[in-house]
Amino acid sequence: VAPDCRPCARSAAAPVCCLRRLPSSHKYIMAKQVDTPFWKSLVAGGTAGVTEICIMYPLDVVKTRAQIAEGRLQGNMFTQLIDLVKQNGLKTYRGIIPPILTEAPKRAVKFAANAHYQKMFKNDRGEFIRFGQVYAGVCAGITEAFIVFAPELIKIRLQAKEYRGKYLGTMDCIQKIYKEEGAMAFTKGLEATLWRHAVWNGVYFGTIAGVRNSLPEAESSNGTLLRNFIAGSVAGTLATAFNTPPDVVKSRLQNQIVPPGQKPKYGWCIPALAKIAREEGPGALYKGFWPKVMRLGPGGGIMLVMFDFVMGLLRDY
């Protein structure tokens with residue numbers, strides 16, 4: 001508490017008006033105890049997400065192309081990334097508009113929804129019930145999935161090699177999908193998207209607190225950023241290890257165009273997982289795993305650091 005503030009001296013926790021007097025590390029802790037307005041989560045979450053996308057997007061393209069490819073992949077992650085950039089240049093970022101447009105609401109919903117659901121899984125003493133953080137993360141992931149499933153389909157189509165000449169850009173892709181496949185085509189992969197986000201967010205938010213607590217306490221704002229980066233990277237990598245199989249299914253479901261009268265190769269998520277494992281081996285369920293880890297592991301750290309950094313800038317507003 002601030003020693004020269006009488007209300008603080010009589011209280012177990014300093015009021016918000018005294019936050020400016022506290023050291024930066026204490027400000028960070030105290031700010032966590034204050035309810036966050038939704039607009040702040042929107043700005044901070046959007047900034048964090050767009051930053052992560054712009055840095056990591058080429059790896060996402062490599063991941064998608066690996067996941068939708070049937071059979072043996074040529075080269076490793078690094079050679080695929082080098083070839084992608086060498087052959088496409090700035091066109092490597094083709095398909096980035098849909099995720100950028102949805103990033104602010106998606107990230108805001110991710111953090112705001114998780115904070116909301118956490119309250120549902122606490123007991124009367126304000127402590128989490130057993131696996132409460134996992135349940136809250138799963139619920140937040142399901143909520144997030146309903147925002148991203150259609151933009152994800154557009155992104156997958158624009159990233160796929162086989163549709164490079166078919167779709168000229170984002171609006172052209174939307175118009176052609178609607179005209180050729182109908183409005184319901186935009187719901188392709190919804191169930192697999194629910195699985196993907198529920199698993200990732202459940203593991204991520206379920207482990208982030210434990211990882212943070214296992215690290216030494218930060219003694220400065222820079223130390224807090226480093227601590228958050230490490231915790232976010234570890235939690236993001238672990239979450240990726242669990243959610244890659246449904247992500248493979250999602251990519252293939254959203255990439256397939258089924259001619260009229262024909263039965264789609266992939267349907268629901270669980271049967272599709274079994275089909276891929278049976279036809280291509282269990283390892284096929286982890287196609288694109290390493291570029292996904294390289295994106296969502298460090299990307300999770302970048303996102304958490306940027307989110308907390310922007311929230312710190314907005315604290316006094």
Which residues, ordered by chain and number, are linked to M184 in its hydrophobic cluster, where ILVMFWY side chains connect at heavy-atom gaps below 4.5 Å, directly or through other members? none

Among side-chain atoms of N255 and E162, is any donor-acceptor pair under 3.5 angstrom? yes

Looking at residues at least two apart in the chain, or sitting in another chain, which of them share a ring-ring contact (aromatic ring centres under 6.0 Å, His included) with Y266? none

Are K250 and Q254 close enough, and set up right, to give a side-chain hydrogen bond (donor to acceptor under 3.5 Å, both in side chains), and what steps lead you there? CA-CA 6 Å; K250 181 201 77 71; Q254 293 182 325; 2.7 Å; yes

What's the spacing between L194 CG and I142 CD1 if we round to 0.5 Å? 6.5 Å

Could you tell me whether the side chain of T187 and the main chain of L190 form a donor-acceptor pair under 3.5 Å? no

Does this structure show an ion pair linking D308 with R212, if we count only N-O contacts that are shorter than 4.0 Å? yes

In chain order, what residues pass the ring-ring contact (aromatic ring centres under 6.0 Å, His included) check against F186, with sequence neighbours excluded? none

Nearest 0.5 Å please: distance from the CZ atom of R157 over to the NZ atom of K166. 8.0 Å

Please examine the side chains of K155 and D60, heavy atoms only from C-beta on, and report whether any two atoms are closer than 4.5 Å. yes

Check whether any side-chain N or O of K188 sits under 3.5 Å from a backbone N or O of Q256 as a donor-acceptor pair, and report yes or no. yes

Tell me which pairs pass ring-ring contact (aromatic ring centres under 6.0 Å, His included) where either residue lies in residues 137-159, with sequence neighbours left out. none

Side chains of M56 and M294: does their closest heavy-atom pair fall under 4.5 Å? no

Report yes if some heavy atom in the side chain of L238 is under 4.5 Å from a heavy atom in the side chain of V211; otherwise report no. no

Ignoring hydrogens and geometry, is there a side-chain-to-backbone donor-acceptor pair from E191 to C269 under 3.5 Å? yes

Within-4.5 Å side-chain heavy-atom neighbours: P98 and T170: yes

Just jot down the ring-ring contact (aromatic ring centres under 6.0 Å, His included) partners of Y163, sequence neighbours excluded, or say none. Y167

Just wondering, do I276 and K287 contact through their side chains at under 4.5 Å, heavy atoms? no

Hydrophobic side-chain clustering at under 4.5 Å (ILVMFWY, transitive links): who's grouped with W268? Put none if nobody. none

For a 4.5 angstrom cut-off between non-hydrogen side-chain atoms, does R65 reach Q80? no

All side chain to side chain contact (heavy atoms under 4.5 Å, CB included) counterparts of I270, not counting sequence neighbours: W195, L273

Partners meeting side chain to side chain contact (heavy atoms under 4.5 Å, CB included) with A239 (sequence neighbours left out): W200, V203, Y204

With no hydrogens and no angle check, is any side-chain donor or acceptor of N243 less than 3.5 Å from a backbone partner on R196? yes

Can you tell if the side chain of E144 reaches within under 4.5 Å of the side chain of I147, non-hydrogen atoms only? no

Using the salt bridge (charged side-chain N to carboxylate O under 4.0 Å, His left out) criterion, which residues pair with R94? Sequence neighbours excluded. none

So, using side chain to side chain contact (heavy atoms under 4.5 Å, CB included) as the criterion, who are the partners of D124 when residues are at least two apart? none

Of all residues at least two apart in sequence or in a different chain, which pass the side chain to side chain contact (heavy atoms under 4.5 Å, CB included) check with P282? none

Are the side chain of N201 and the backbone N or O of H197 linked by a donor-acceptor pair below 3.5 Å? yes

Anything under 30° is parallel, anything over 60° is perpendicular, the rest tilted; go ahead and classify F121 against Y135. tilted

Do R252 and E279 meet the salt-bridge criterion of a basic N to acidic O distance under 4.0 Å? no

Return the CD1 to OH distance between I53 and Y93, rounded to the nearest 0.5 Å. 10.5 Å

Distance (rounded to the nearest 0.5 Å) between T79 OG1 and K86 NZ: 10.0 Å

Contacts of Y117 meeting ring-ring contact (aromatic ring centres under 6.0 Å, His included) (sequence neighbours excluded), chain-then-number -> none

Working to the nearest 0.5 Å, report the span between OG1 of T64 and CD of E152. 7.5 Å

Approximate separation, where rounding is to 0.5 Å, of T143 OG1 and H116 NE2: 8.5 Å

